[in-house]
Amino acid sequence: MSQDIIIAPSVLSADFSRLGDEVEAVCRAGADWIHLDVMDGHFVPNITFGPPVIKAIRNRTDKVFDCHLMIEPADPYLAAFAEAGSDYITVHAEACTHLDRSLQAIRDLGRKAGVSLNPSTPESVIEYSLDRVDLVLMMTVNPGFGGQAFIPSVVEKVRRVKSMIGKRPIMIEIDGGVTPQTAPLVVSAGADILVAGSAIFKGGEQVYAGNIAALREASESVRKAA
């Protein structure tokens, strides 16, 4: 794709005691989307937040709310996350018994549908559902915690997914260990959206703009060179 790289700060690394203010701060600093990591303590070993929190901060920005469901099962909760204000709802292929049905349910709710793959999950599991998909989220860490190290072997999987997508209007999103050093690797492989938590929120509000700019500069230099 020729569009600019989308930077989506993950509020998982924000100060939860002032979450609405943090959302406004990263938006002022140049964020394109807001990434919402929803964890259930079952599918992944952590618990974060649910629809009420998303609904509570929805009025703090008109940016895209990119909701990443790391929960199992996901289907019973899709409507609640849509009603809370999520624009994109992404489910994990590993957590859906009937992936095609889950993706269609998201679209039936009037939202964009995403599918996520853990690092060890082969891309072949989504091959026959791509026509239901608006976004493929590829984990470059094992899901469940922020601040983990980037897994380099996923870069080649990004290339394979990019090839599999072909001419379909599907974006590739990268989540996990994204920094100015790792961002060029996945962008050169075909990534369109970069999720970053600690790389953006570290250092406090006064450096959010600089952190976002560093990610964008590292990514766009690769895109322009291609």
Side-chain angles (χ1 to χ4, degrees), residues 1 3 5-12 31-40 42-44 48-51 53-55 57-58 61-119 121-140 143 154 157-158 160-176 178 186 190-195:
M1 291 186 174
Q3 67 182 37
I5 293 296
I6 292 169
I7 306 296
S10 168
V11 299
L12 183 63
D32 300 305
W33 290 9
I34 297 296
H35 189 79
L36 303 157
D37 285 309
V38 177
M39 305 181 188
D40 64 358
H42 168 65
F43 178 64
V44 292
T48 53
F49 50 80
V53 170
I54 294 174
K55 184 176 181 179
I57 61 173
R58 178 65 274 193
T61 180
D62 59 0
K63 299 285 187 182
V64 167
F65 267 21
D66 175 32
C67 185
H68 176 194
L69 299 184
M70 287 170 271
I71 65 176
E72 184 180 13
D75 288 12
Y77 306 100
L78 296 176
F81 283 103
E83 290 166 7
S86 303
D87 298 294
Y88 282 75
I89 300 177
T90 295
V91 294
H92 268 260
E94 304 88 354
C96 295
T97 303
H98 304 289
L99 178 59
D100 188 85
R101 178 184 297 165
S102 300
L103 295 168
Q104 186 57 49
I106 295 169
R107 286 187 159 189
D108 287 346
L109 289 165
R111 300 299 186 263
K112 299 288 189 180
V115 60
S116 184
L117 297 175
N118 285 337
T121 302
E123 66 276 9
S124 58
V125 303
I126 65 172
E127 183 176 359
Y128 297 104
S129 297
L130 284 176
D131 290 329
R132 304 279 198 202
V133 172
D134 299 291
L135 178 152
V136 177
L137 190 164
M138 303 186 66
M139 297 300 300
T140 41
V154 181
K157 188 163 75 168
V158 175
R160 295 194 297 270
V161 169
K162 182 69 172 178
S163 177
M164 182 187 296
I165 287 170
K167 295 185 180 299
R168 296 179 181 89
I170 299 172
M171 291 187 288
I172 296 177
E173 182 171 35
I174 304 300
D175 186 357
V178 173
V186 290
D192 305 290
I193 308 159
L194 301 177
V195 175

Go through R101 and D108 one step at a time and tell me if the salt bridge (charged side-chain N to carboxylate O under 4.0 Å, His left out) criterion holds. CA-CA 10 Å; R101 178 184 297 165; D108 287 346; over 6 Å; no
Taking T140 for the side chain and D175 for the main chain, is one N or O donor matched with an acceptor at less than 3.5 Å? yes
Min side-chain heavy-atom separation V178-V195 under 4.5 Å: no
Going by atom type alone, with no hydrogens or angles, which donor-acceptor pairs under 3.5 Å involve a side-chain atom of residues 70-84 and a protein atom two or more places apart or on another chain?
{"unit_1": "D75", "atom_1": "OD1", "unit_2": "S102", "atom_2": "OG", "d": "2.6"}
{"unit_1": "D75", "atom_1": "OD2", "unit_2": "S102", "atom_2": "OG", "d": "3.3"}

For D37, does its backbone N or O pair with a side-chain atom of T48 as donor and acceptor, under 3.5 Å? yes
Tightest non-hydrogen contact, residues P143 and N118, listed as CG-OD1, 3.1 Å
Minimal non-hydrogen separation, L103 against A113, with atom names: O-CB, 3.8 Å
Side chains of K55 and R58: does their closest heavy-atom pair fall under 4.5 Å? no
Report yes or no: does D192 contribute a side-chain atom to a donor-acceptor pair with the main-chain N or O of I172 at less than 3.5 Å? yes
Report yes if the side chains of V11 and L36 come closer than 4.5 Å at any heavy-atom pair, otherwise no. yes
Does the side chain of I57 come within less than 4.5 Å of F65's, by heavy atoms? yes
Determine yes or no for a side-chain-to-main-chain donor-acceptor pair under 3.5 angstrom, with R168 supplying the side chain and I165 the backbone. yes
Keeping D32 on the side-chain end and I7 on the backbone end, is there a donor-acceptor pair under 3.5 Å? yes
So D134 and Y88, side-chain contact (heavy atoms from CB on, under 4.5 Å) or not? Walk me through it. CA-CA 9 Å; D134 299 291; Y88 282 75; 4.3 Å; yes
Take the angle between the ring planes of H92 and H68 and call it parallel below 30°, perpendicular above 60°, tilted in between. parallel
For a quick test of reading the model, state the closest non-hydrogen atom pair linking K157 to T121 and the distance between them. NZ-O, 2.7 Å
Nearest 0.5 Å please: distance from the OG1 atom of T90 over to the CG atom of L69. 7.5 Å
Heavy-atom closest pair, residues I54 and C67: CD1-SG, 4.0 Å
CD of Q104 to NE2 of H98: how many Å apart, nearest 0.5 Å? 15.0 Å
Closest non-hydrogen atom pair, M164 against I126: SD-CG1, 4.3 Å
After noting the C-alpha distance and the side-chain angles of V91 and L99, does the key distance pass the side-chain contact (heavy atoms from CB on, under 4.5 Å) rule? CA-CA 8 Å; V91 294; L99 178 59; 4.1 Å; yes
Please test M39 against L12 for side-chain contact (heavy atoms from CB on, under 4.5 Å), starting from the C-alpha separation and ending with a verdict. CA-CA 10 Å; M39 305 181 188; L12 183 63; 3.6 Å; yes
A side-chain contact here means heavy atoms from C-beta on lying under 4.5 Å apart; do I6 and M171 qualify? yes
Minimum heavy-atom separation for L117 and A93, please, with both atom names. CD2-CB, 3.9 Å
Just wondering, more than 12 heavy atoms not from K112 lying within 6.0 Å of its NZ? no
